[in-house]
**Student:** 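Okay, handing you the structure first.
Counting convention: from 1, in listed order, for ligands and their atoms alike. Basis for what follows: all heavy atoms, side chains included, without hydrogens, waters or symmetry-related copies. We count residues from 1, following the sequence as given.
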Amino acid sequence: MTDYKSMEELKEFLHDSALVITGKKIYGLYKDIFPENTLILPVGENAKTLTVVKKILEEMHTRGLNVSDTVVAVGGGAIGDTVGFAASIYHRGMPWINVPTTLLSLCDSSVGGKTSVNFMGCKNVIGSFWNPTKRIVCKKFLNTLSKKQLASGLGEIIKTSFLNADFYGYVKNTYKLYEYDKQALFAAAIEASRIKAKIVAKDFRCESIRNNLNIGHTIGHALEAAYKYEHGIAVCMGIQIAMEMFKDSIERGFLEEARVMCRRLAKIPNFSADKLITFLRADKKNRNGDIVLLLPVRPGDTIPVNLKEEKFYALLQKLEEELKA
Ligand SMILES: NC(=O)c1ccc[n+]([C@@H]2O[C@H](COP(=O)([O-])OP(=O)(O)OC[C@H]3O[C@@H](n4cnc5c(N)ncnc54)[C@H](O)[C@@H]3O)[C@@H](O)[C@H]2O)c1
C-alpha cells in the first residue's frame, strides 16, 4: 500500500511514530521533519552491516518496543534494507513502514519486502522477506538527489520496462526521463513500482517469476562490487553486457532499441573479465557450478541462461577484448 504525503504531513507522522530511523545524510538535509530521538545510521552501504542491525535492535529493546509499535525507515535502499531486516527479526517480526527518499528506492527497493545486509564483502547475503505494512511517498525528496543518484533510479526503471511491453513503450519514448525531469521520473518510478508489486504478489519468495526482476543483476552486482558503480547504473550496464554476450538469443529490433535506451544512461564500461568472474563465482543465484541469469529477449519476455563458469568466463573475456579493440 502506498500513501502520498507532503513534507508537513510526513513530519507530523514521524513525530507520532515509536521509532524513526534514517541515514546521516538525509538527517542533515531534512533535519526539520525528524523527531529529536531519531536513530541516525551511517550513510549508504555503511549502514548495511550486522553491527548496525545490532544497534537498531538495541534501540528497539531499550525503548521497549513490541509488535503493536511501528518502526519507520526514512531513506534510500540501504536504510530500507537494513531497518527492514532488523524489524523482521525483532520479536520475530515488527511492523515497519518504509519512506523511500531516493529514486531507486521509490521505483524498486521499497516494494517487495526483500531486506538484507552485506556480509564478508558480499552483497545482500543475510536477509529475509519481510514486507513493510505500507510505504509513504513524498515527491519532495527527489529535489536533493544528484544526477548520479537519479541515473541509478532510472537504471532500475529501464530494467522494469523490459518486463512489461506497455511500460517499455512509455520509457523508450519519454525523452524527459533522460533529461532527468523530476516530474517524469517520479511518475515513471511509481509505475515501475506498481509493475514490481504485481509481479511480487504472484511470487513473494522469489521462487519463479519474481526472478525476472533480477535481469542485469548477476553482472550488475559484480560490477558494483568490483568498480563501485551506483546500483541502478551497474544494473543497466549488467543488462547491456548480458545482452551482448548472448545477443543471438535476442529479438533483433529489441536488441537495438535496448542498446539505445541503456546507452542514454551509461554505456558498457571497460572491465576486466578476471576481476568480474571472482565476484560472479560468489553470486548467490549460482547452481551446481553454473552462473545463472535471466536474459531479456523481447519486451515482457526473458529466458534463463545457465552456463558453466568456464564458458561464461570465455564469453566475458571475448567481450572485454571486443570493447578494447
Ligand atoms: N530490497 C530490494 O528489493 C532492493 C532492490 C534494489 C536495490 N536494493 C538495495 O538498495 C541499495 C541502493 O539504494 P539507493 O540507490 O537508494 O542508495 P542508498 O540508500 O545507498 O543511498 C545513496 C545515497 O543517497 C543519499 N540519499 C538518500 N536520499 C537522499 C535524498 N533525498 N537526497 C540526497 N541524498 C539522499 C544517501 O544518504 C546515500 O548517500 C543497495 O544496497 C541495494 O542492494 C534493494
**Student:** What protein heavy atom sits nearest atom 20 (O) of ligand 1, and how far off is it?
**Tutor:** G44 CA, 3.4 Å

**Student:** What is the closest protein heavy atom to atom 10 (O) of ligand 1, and at what distance does it sit?
**Tutor:** G77 CA, 3.3 Å

**Student:** Measure L142 to ligand 1 on non-hydrogen atoms and call it side chain, backbone, both or neither using the 4.0 Å cut-off.
**Tutor:** neither

**Student:** Under 6.0 Å from the NZ atom of K24, do we count more than 12 heavy atoms belonging to anything else shown?
**Tutor:** no

**Student:** Is the closest N or O pair between Q149 and ligand 1 shorter than 3.5 Å?
**Tutor:** yes

**Student:** Which of the numbered atoms in ligand 1 are under 4.0 angstrom from any heavy atom belonging to K48?
**Tutor:** 9 (C), 40 (C), 41 (O), 42 (C), 43 (O)

**Student:** As an exercise, identify every atom of ligand 1 less than 4.0 angstrom from a heavy atom of D81.
**Tutor:** 1 (N), 2 (C), 8 (N), 9 (C), 44 (C)

**Student:** Short question: side chain of D181, backbone of A184 - any donor-acceptor pair under 3.5 Å?
**Tutor:** yes

**Student:** From the options K114, E45, E224, select the one whose nearest heavy atom is closest to atom 1 (N) of ligand 1.
**Tutor:** K114

**Student:** T101 heavy atoms, cut-off 4.0 Å: which ligand 1 atoms fall inside?
**Tutor:** 27 (C), 28 (N), 29 (C), 30 (C), 31 (N)

**Student:** Looking only at heavy atoms, which two atoms of L41 and I56 are closest? And how far apart?
**Tutor:** CD1-CD1, 3.9 Å

**Student:** Short list, please: which atoms of ligand 1 are under 4.0 Å from a heavy atom of V43?
**Tutor:** 37 (O), 38 (C), 39 (O)

**Student:** Tell me the protein heavy atom at minimum distance from atom 21 (O) of ligand 1, and give that distance in Å.
**Tutor:** T102 CG2, 4.1 Å

**Student:** Heavy-atom count around H15 NE2 within 6.0 Å, excluding the residue itself: above 12?
**Tutor:** yes

**Student:** Please state which option from S109, G112, G28 has its nearest heavy atom closest to atom 4 (C) of ligand 1.
**Tutor:** S109

**Student:** If we only count N/O pairs under 3.5 Å, is I26 in contact with ligand 1?
**Tutor:** no

**Student:** Please state which protein non-hydrogen atom is closest to atom 12 (C) of ligand 1 and give its distance, to 0.1 Å?
**Tutor:** L104 CD2, 3.9 Å

**Student:** Go through the structure and list residues passing salt bridge (charged side-chain N to carboxylate O under 4.0 Å, His left out) with K54, not counting sequence neighbours.
**Tutor:** E58

**Student:** Considering only the protein, which heavy-atom contact is closest to atom 29 (C) of ligand 1, and what is its distance?
**Tutor:** L145 CD2, 3.5 Å

**Student:** Which residue and non-hydrogen atom of the protein lie closest to atom 43 (O) of ligand 1, and at what distance in Å?
**Tutor:** K123 NZ, 3.0 Å

**Student:** Report yes or no: is the cationic atom of R264 (NZ for Lys, CZ for Arg) closer than 6.0 Å to the six-membered ring centre of Y178, at no more than 45° off its axis?
**Tutor:** yes

**Student:** Could you tell me which atoms of ligand 1, counted from 1 in the order shown, lie closer than 4.0 angstrom to a heavy atom of K196?
**Tutor:** 3 (O)

**Student:** Do D301 and R298 meet the salt-bridge criterion of a basic N to acidic O distance under 4.0 Å?
**Tutor:** yes

**Student:** Please lay out, stage by stage, how Y227 and F271 fare under the test ring pair (Phe, Tyr, Trp, His ring centres under 6.0 Å).
**Tutor:** CA-CA 9 Å; Y227 299 105; F271 62 84; 7.9 Å; no

**Student:** Can you report which non-hydrogen protein atom sits closest to atom 19 (O) of ligand 1, along with the distance?
**Tutor:** A78 N, 2.9 Å

**Student:** Distance to 0.1 Å, residue and atom name: give those for the protein heavy atom nearest to atom 32 (N) of ligand 1.
**Tutor:** T144 OG1, 2.7 Å

**Student:** Do you see a donor-acceptor pair shorter than 3.5 Å between the side chains of S110 and S105?
**Tutor:** no

**Student:** List the atom of K275, the atom of A226, and the distance in Å for their closest heavy-atom pair.
**Tutor:** NZ-O, 3.5 Å

**Student:** Under the salt bridge (Lys or Arg N to Asp or Glu O under 4.0 Å) definition, can you give me all pairs with a residue in residues 149-175, not counting sequence neighbours?
**Tutor:** D108-K159, E156-K159, K172-E257

